[in-house]
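Convention: sequence-line order gives letters A, B, ...; per-chain numbering from 1. All values below were derived from every heavy atom in this structure, side-chain atoms included, with hydrogens, water molecules and symmetry-related copies excluded.
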There are 2 protein chains.
Amino acid sequence: MDTSIVDDFVDSWGSMGSLWGVNTSVARVHGLLIATESSWCLDDIAQRLGISKSNVSTSLKELRSWGVIKKTFLSGDRREFYVCEPDVWKMLFSIMRERKKREFDPLVSNIQAILENAKESPDGIALERLKQMEQMLETFHALATKLLSSENQARAIISFFMNK
Amino acid sequence: MDTSIVDDFVDSWGSMGSLWGVNTSVARVHGLLIATESSWCLDDIAQRLGISKSNVSTSLKELRSWGVIKKTFLSGDRREFYVCEPDVWKMLFSIMRERKKREFDPLVSNIQAILENAKESPDGIALERLKQMEQMLETFHALATKLLSSENQARAIISFFMNK
DNA sequence: TCCTTTGTTCACTTATTTCTGAACATACCA
DNA sequence: TGGTATGTTCAGAAATAAGTGAACAAAGGA
């Protein structure tokens, strides 16, 4: 098995974990599942990537929480195996949905709550600007909600838009 | 001056620096400039946020590199003052453009380069999936390039889309 | 039952990032 | 020229995040 392509992909995917907010190990484990066709058990992943079992265990837990991998079972084998979502668009949408839920939504709620208490326009505060910010965030929130509600719909919209 | 709203906003904005990849101090300084109408000099920012001058200095440098603040001068005052971009949409677009350039573009190049060397479809590698990934990334790249080329155009597209 | 395999948790180590104060540079003014 | 105000850089400190190994738990199988 020619492993260099897999290694390269794992490195590349690992180094961009920051784009969606996970650490290198998590992204590397994910990269390994993406780049290979087989399903992997914990020990094999640890050996293949040269990291500890406990690290793999927590990384897999994290990847499950993002909804981008799933367990599989081989008959007669007690171990848990993992594969990633084969559809790359579905994968990306899972990540974006989760990231929105975890980081963007709370921000929007926060800003809304802050502006609730700011009806009286006190001195020195750029209240107009903060209101524009709130509106912008709400627009993005609505846009993201709409786009992320269905991969297929979003893909159609993107193609339509790109062909104009 | 009622500072609690500013403080709340600074906290909120500071805690979401990770969304666009800057640390808390950088985001807090930015938050302060966003939430207030005045222009700020280094020392006053340090005092207001309770952080060191050197931290403010590097944070301002970082914010300049993202293109989200600019220097102003008061006549008869030797100090450098800073204000943020008043248009929140322009601000957001600056951040997105810069983040794309710094993190997304290199990823796309990487994946492309890796797949260059993978014409022969070796065993155990999900080559089809990696090609789909590459295509998806290229689609997003094209989409982002188009959307980020003009705030006004993008805003028009978003409104059009949201009203359908 | 006891042993083995598998996976998780957690206290601790290691690595990385962030922040600071001091030293330095620069520009202006007296 | 010296003195003061302003801003930057950088080595090290402090804080935070990540990774490890050992202990533990659970589940089969002999």
A.B. asks: Would B:Val83 and B:Val88 show up in the same hydrophobic cluster when neighbours are defined by side-chain heavy atoms closer than 4.5 Å?
C.D. replies: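 No, because B:Val83 and B:Val88 fall into different hydrophobic clusters, even though each may have its own neighbours under 4.5 Å.
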A.B. asks: Rounded off to whole Å, could you give me the CG-to-C1' distance for the A:Asp43 and D:dG21 pair?
C.D. replies: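 Rounded to the whole Å, the gap is 14 Å.
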A.B. asks: So if I take the C1' atoms of five pairs at each end of the helix from C:dT1-D:dA30 to C:dA30-D:dT1 and get each local axis, what angle do the two axes make, rounded to 10 degrees?
C.D. replies: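 Answer rounded to 10°: the end axes differ by 10°.
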A.B. asks: What residues in residues 64-81 of chain A put a non-hydrogen atom under 4.0 Å from any atom of DNA chain D?
C.D. replies: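 Heavy-atom contacts with DNA chain D come from A:Arg78.
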A.B. asks: Could you state the OH-C1' distance from A:Tyr82 to C:dT8, rounded to the nearest angstrom?
C.D. replies: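 Those two atoms, OH and C1', are 11 Å apart.
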A.B. asks: Output all residues satisfying side chain to side chain contact (heavy atoms under 4.5 Å, CB included) with A:Ser57, sequence neighbours left out; order by chain, then residue number.
C.D. replies: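 Only A:Leu42 meet the side chain to side chain contact (heavy atoms under 4.5 Å, CB included) criterion with A:Ser57.
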A.B. asks: Which residue pairs pass the salt bridge (charged side-chain N to carboxylate O under 4.0 Å, His left out) test when at least one of the two sits in residues 23-44 of chain A, sequence neighbours left out?
C.D. replies: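 Output for this query lists A:Asp11-A:Arg28.
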A.B. asks: Could you list the residues that satisfy side chain to side chain contact (heavy atoms under 4.5 Å, CB included) with B:Leu147, not counting sequence neighbours?
C.D. replies: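 A:Phe161, B:Leu143, B:Ala154, B:Ile157.
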A.B. asks: Using atom CG of A:Leu60 as one end and atom P of C:dT9 as the other, report the distance to the nearest whole Å.
C.D. replies: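 One finds 12 Å between P of C:dT9 and CG of A:Leu60, rounded.
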A.B. asks: Taking only residues two or more places apart in sequence or in another chain, which ones pass side chain to side chain contact (heavy atoms under 4.5 Å, CB included) with A:Glu103?
C.D. replies: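 Side chain to side chain contact (heavy atoms under 4.5 Å, CB included) check on A:Glu103 returns A:Arg99, B:Ser18, B:Leu19.
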A.B. asks: Tabulate atom names and distances for all N/O pairs under 3.5 angstrom spanning the protein and nucleotides 19-23 of chain C.
C.D. replies:
| residue | atom | partner | partner atom | Å |
| --- | --- | --- | --- | --- |
| C:dC19 | OP1 | B:Ser25 | OG | 2.9 |
| C:dC19 | OP2 | B:Ser25 | OG | 2.9 |
| C:dT20 | OP2 | B:Ser52 | N | 3.0 |
| C:dT20 | OP2 | B:Ser52 | OG | 3.1 |
| C:dT20 | OP2 | B:Asn55 | ND2 | 3.1 |
| C:dG21 | N7 | B:Ser54 | OG | 3.3 |
| C:dG21 | O6 | B:Ser54 | OG | 2.8 |

A.B. asks: So, OP1 or OP2 of D:dT9: does either fall under 4.0 Å of a side-chain N or O from B:Lys61?
C.D. replies: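 For D:dT9, OP1 or OP2 has a side-chain N or O of B:Lys61 closer than 4.0 Å.
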A.B. asks: Please list, chain by chain and in numerical order, all residues satisfying side chain to side chain contact (heavy atoms under 4.5 Å, CB included) with A:Ser38, sequence neighbours excluded.
C.D. replies: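 With neighbours one apart ignored, the set is A:Thr36, A:Trp40.
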A.B. asks: What's the CD-C1' distance between A:Glu62 and D:dA18, to the nearest Å?
C.D. replies: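 Nearest whole value for this atom pair: 12 Å.
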A.B. asks: Please name the pair of heavy atoms, one in A:Ser150 and one in A:Phe93, separated by the smallest distance, quoted to 0.1 Å.
C.D. replies: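 Of all heavy-atom pairs spanning A:Ser150 and A:Phe93, the closest is O-CE2, 4.3 Å.
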A.B. asks: Using salt bridge (Lys or Arg N to Asp or Glu O under 4.0 Å) as the criterion, list what pairs up with B:Glu128, not counting sequence neighbours.
C.D. replies: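 By the salt bridge (Lys or Arg N to Asp or Glu O under 4.0 Å) rule, B:Glu128 matches no residue at all.
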A.B. asks: Applying ring-ring contact (aromatic ring centres under 6.0 Å, His included), which residue pairs with at least one partner in residues 43-76 of chain B are found, sequence neighbours left out?
C.D. replies: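 For residues 43-76 of chain B: B:Trp20-B:Trp66.
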A.B. asks: Write down the distance between CD1 (B:Ile45) and C1' (D:dT8), rounded to a whole number of angstrom.
C.D. replies: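 That distance rounds to 15 Å.
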A.B. asks: Once you round it to whole Å, what is the distance between C1' of D:dT6 and CH2 of B:Trp40?
C.D. replies: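 The distance from CH2 of B:Trp40 to C1' of D:dT6 comes to 18 Å, rounded to the nearest Å.
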A.B. asks: Who passes side chain to side chain donor-acceptor pair (under 3.5 Å) against A:Glu85, sequence neighbours left out?
C.D. replies: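 Scan of A:Glu85 (side chain to side chain donor-acceptor pair (under 3.5 Å), adjacent residues dropped) gives none.
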A.B. asks: Remaining members of B:Phe81's ILVMFWY cluster at a side-chain heavy-atom cut-off under 4.5 Å?
C.D. replies: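 Hydrophobic cluster check, B:Phe81: joined to B:Leu74.
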